[in-house]
Amino acid sequence: MSTDTAVHHLKAPVPPEQFEYKNLKQGEFWRHIPAYADVDEATFLDHLWQQRKSVKTAEELLDTIRDVCSPEFYRDAEAGFRGAPMAVRVSPYAIALIDWNDPVNDPIRRQFIPLASTLLPDHPRLTLDSLHEQEDSPVPGLVHRYVDKALFLPLNVCPVYCRFCTRSYAIGPDTAYVDKIPLAKTPKQWNDAFVYIAERPELEDIVISGGDVYQLPPKNIEHIGNALLDIAHVRRMRFATKGPAIMPMKILTHTEWLDALTSIVDRGRTLGKEVVLHTHFNAPEEITWITKEAMRRLFERGIFTRNQSVLIRGVNDTRERMQLLVKRLGHVNVHPYYVYMHDMVKGVEELRTTIATAVDTEKFVRGSTAGFNTPTFVCDAPGGGGKRDVHSYEYYDRENGIAVYAAPSVKPGKAFVYFDPVDRLSAAAQARWASREIQEQMIHDAVRSAGIGDQQLVLA
Ligand SMILES: *Cc1c(COP(=O)(O)O)cnc(C)c1O
Ligand code: SF4
């Protein structure tokens with residue numbers, strides 16, 4: 001470049017920290033974990049090795065991390081698992097990304113490894129299936145809540161188990177606290193869902209989730225994909241998986257799986273139907289050089305990928321953290337689609353945050369990158385109201401942490417409420433939540449202030 005044609009810059013140079021989103025973890029970052037010290041790149045990238053070495057019990061996990069964590073942390077996690085509603089499963093990739101010098105505050109630890117010491121009491125209004133998915137389920141494994149789209153749940157296993165899972169009522173093996181509701185798990189059982197979808201011409205859009213489609217064998221990806229593509233009125237399909245966030249190497253090394261997905265995407269394209277991948281990154285640290293290569297592979301194959309995050313305290317609930325996540329996703333060809341309010345789920349109150357925090361974060365993120373890479377912040381209204389823009393509440397009692405939503409196209413006339421975590425409220429508000437009678441009063445006052453009749457309130 002010539003230096004004598006000086007260009008006048010209106011903007012000051014961007015400080016290096018603004019490029020942090022491009023700064024992905026490089027090299028063999030797993031080797032600092034004693035259990036993986038001898039693992040070479042080919043082995044670490046092998047999806048079968050990742051599956052085999054995923055820890056599936058608290059004991060296995062504790063064994064793997066014994067040498068990297070303090071005895072206090074170990075005892076804390078041991079006690080945490082004893083009371084947790086979700087089963088345990090963590091991939092070596094995720095374990096290697098945890099900062100073991102400070103595991104208590106680590107964003108990946110927070111998502112997968114419960115600690116007894118950080119537990120908070122559940123919100124007094126919390127239930128197990130807060131989204132009431134079972135009420136909108138005409139056949140096992142299918143949720144038909146919205147007019148033109150449905151959620152198909154063909155399996156109940158995942159490559160990891162997230163502490164905050166909204167489907168802890170069904171996902172993973174039974175735990176000491178929860179006997180899981182059965183979903184349809186075999187091709188024969190799936191047939192009922194296909195028949196139902198075929199009989200509902202309004203259904204244009206099918207989400208295939210679970211569980212997690214990462215755990216579906218390639219032949220079942222093809223079976224489900226083709227069965228849905230064969231239904232004339234189905235126009236759009238999304239395969240949903242947490243996989244790329246916690247085991248991205250499968251995209252690179254499980255060729256048959258990626259080929260199966262590609263074949264459905266390609267067949268969809270020839271039929272004029274959209275088939276995409278939806279994934280679930282929450283922390284910027286989940287995106288490494290391996291992720292970048294995996295997302296590149298999807299991009300090359302023309303597999304469009306969108307992301308749905310959960311807003312989680314201590315993971316991505318600040319302006320800077322969310323901006324970093326959103327920019328990093330865009331950088332690796334993933335479109336940030338949604339950021340969800342954390343559902344009202346048992347045993348994870350310390351991971352939830354307030355509607356006010358979501359609104360503030362959303363305001364900050366909007367404008368920092370392309371509009372199509374800017375996620376919509378939504379609250380899946382407890383009680384089955386469906387997703388609402390977080391800032392579209394009819395009324396928000398900030399002091400007591402009660403947001404009231406309406407869902408005119410989903411459940412006309414009804415009111416739905418989301419509750420902020422009580423520990424985030426003032427001492428006076430916390431005292432009010434201690435009384436059942438005052439709770440009722442506060443909720444009913446909020447619904448009335450929203451201009452909705454009291455009797456229209458749907459509680460989770
Ligand atoms: C989220 C969801 C969908 C898909 O909704 P979009 O807003 O289109 O992403 C469909 N069905 C159910 C039950 C859902 O929870
Ligand atoms: S991957 Fe999804 S379905 Fe599975 S445990 Fe995590 S949030 Fe739940």
Side-chain angles (χ1 to χ4, degrees), residues 29-39 49-123 126 128 156-180 212 242 245-247 282-283 285-286 310 312-315 342-352 421 423:
F29 55 80
W30 53 90
R31 295 234 193 206
H32 70 285
I33 307 281
Y36 312 139
D38 298 327
V39 176
W49 185 86
Q50 287 283 332
Q51 294 266 5
R52 209 165 44 238
K53 294 291 177 178
S54 287
V55 293
K56 295 176 198 71
T57 63
E59 291 67 38
E60 279 174 17
L61 176 63
L62 294 166
D63 271 352
T64 311
I65 62 176
R66 197 187 296 274
D67 299 327
V68 284
C69 70
S70 65
E72 297 75 44
F73 179 87
Y74 183 94
R75 276 194 296 277
D76 201 356
E78 203 177 23
F81 279 121
R82 245 180 272 127
M86 277 306 278
V88 181
R89 190 175 225 171
V90 193
S91 60
Y93 178 78
I95 291 172
L97 289 176
I98 293 173
D99 175 5
W100 290 103
N101 295 316
D102 186 14
V104 174
N105 294 311
D106 185 87
I108 295 172
R109 193 288 300 164
R110 290 176 73 80
Q111 295 180 69
F112 305 114
I113 305 175
L115 296 181
S117 66
T118 58
L119 272 181
L120 291 173
D122 287 334
H123 193 280
L126 179 146
L128 195 54
N156 74 342
V157 289
C158 302
V160 285
Y161 291 118
C162 312
R163 295 176 54 208
F164 48 88
C165 183
T166 191
R167 298 202 184 96
S168 56
Y169 69 88
I171 299 304
D174 291 343
T175 63
Y177 287 83
V178 186
D179 286 332
K180 311 282 169 165
D212 191 301
K242 174 91 183 159
I246 47 77
M247 207 185 281
N282 289 326
E285 291 76 12
E286 291 158 2
V310 179
I312 307 174
R313 204 196 298 189
V315 173
H342 193 303
D343 288 322
M344 308 240 348
V345 177
K346 265 195 184 317
V348 283
E349 195 67 354
E350 93 264 20
L351 299 181
R352 293 204 305 126
D423 74 294

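For the numbers below, each heavy atom of this structure counts, side chains included, while hydrogens, waters and symmetry mates do not. All figures in this text were calculated on a predicted structure; none of them were measured in a lab.
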Is the backbone of L62 close enough, under 3.5 Å, to the side chain of E78 for a donor and an acceptor to pair up by distance? no
Should E349 and R352 count as an ion pair when the cut-off is N to O under 4.0 Å? yes
So, N282 side chain and V310 main chain: donor-acceptor pair closer than 3.5 Å or not? yes
Minimal non-hydrogen separation, I246 against S91, with atom names: O-OG, 2.7 Å
What is the minimum heavy-atom distance between Y161 and F112, and which atoms define it? O-CD2, 3.4 Å
Should we count CG of D102 as having more than 12 external heavy atoms under 6.0 Å? yes
Run the side chain to side chain contact (heavy atoms under 4.5 Å, CB included) test against D63 and tell me which residues pass, sequence neighbours left out. R66
Apply the test side chain to side chain contact (heavy atoms under 4.5 Å, CB included) to residues V88 and E60: give CA-CA distance (whole Å), side-chain angles for both, the deciding distance (0.1 Å), then the verdict. CA-CA 10 Å; V88 181; E60 279 174 17; over 6 Å; no
Rounded to the nearest 0.5 Å, how far apart are OG of S70 and CH2 of W100? 10.0 Å
Taking atom CD1 of I98 and atom CD1 of I65, what is their separation to the nearest 0.5 Å? 7.5 Å
Distance (rounded to the nearest 0.5 Å) between C69 SG and N101 CG: 11.5 Å
Do D76 side-chain atoms and S117 backbone N/O form a donor-acceptor pair below 3.5 Å? yes
So, D99 side chain and D106 main chain: donor-acceptor pair closer than 3.5 Å or not? no
Test item: H32 and V68 side chains (from C-beta on) under 4.5 Å apart, heavy atoms: no
Are D423 and R313 within salt-bridge range, i.e. N to O under 4.0 Å? yes
Side chain to side chain contact (heavy atoms under 4.5 Å, CB included) between R75 and E72, intermediate numbers included: CA-CA 5 Å; R75 276 194 296 277; E72 297 75 44; 4.1 Å; yes
L61 vs I95, test: side chain to side chain contact (heavy atoms under 4.5 Å, CB included). Steps then yes/no. CA-CA 9 Å; L61 176 63; I95 291 172; 3.8 Å; yes
Rounded at 0.5 Å granularity, tell me how far NZ in K242 sits from SG in C162. 4.5 Å
Closest approach of V90 and V160, non-hydrogen atoms and distance? CA-CG1, 4.1 Å
What's the shortest heavy-atom distance between E285 and I108, and which atoms? CB-CD1, 4.1 Å
Nearest atoms (heavy-atom pairs only) where A35 meets T64: CB-CG2, 3.9 Å
May I have the step-by-step check of side chain to side chain contact (heavy atoms under 4.5 Å, CB included) for R110 and I312, ending in yes or no? CA-CA 9 Å; R110 290 176 73 80; I312 307 174; 5.7 Å; no
CZ (F81) and CZ (R163) are apart, to the nearest 0.5 Å, by 9.0 Å
Closer than 3.5 angstrom, by distance alone: can the side chain of W30 be matched with the main-chain N or O of V39 as a donor-acceptor pair? yes
Could you pull out the closest heavy-atom pair between E286 and A245, with the gap in Å? CB-O, 3.6 Å
Atom CG in L351, atom CG in D343: separation rounded to 0.5 Å? 12.0 Å
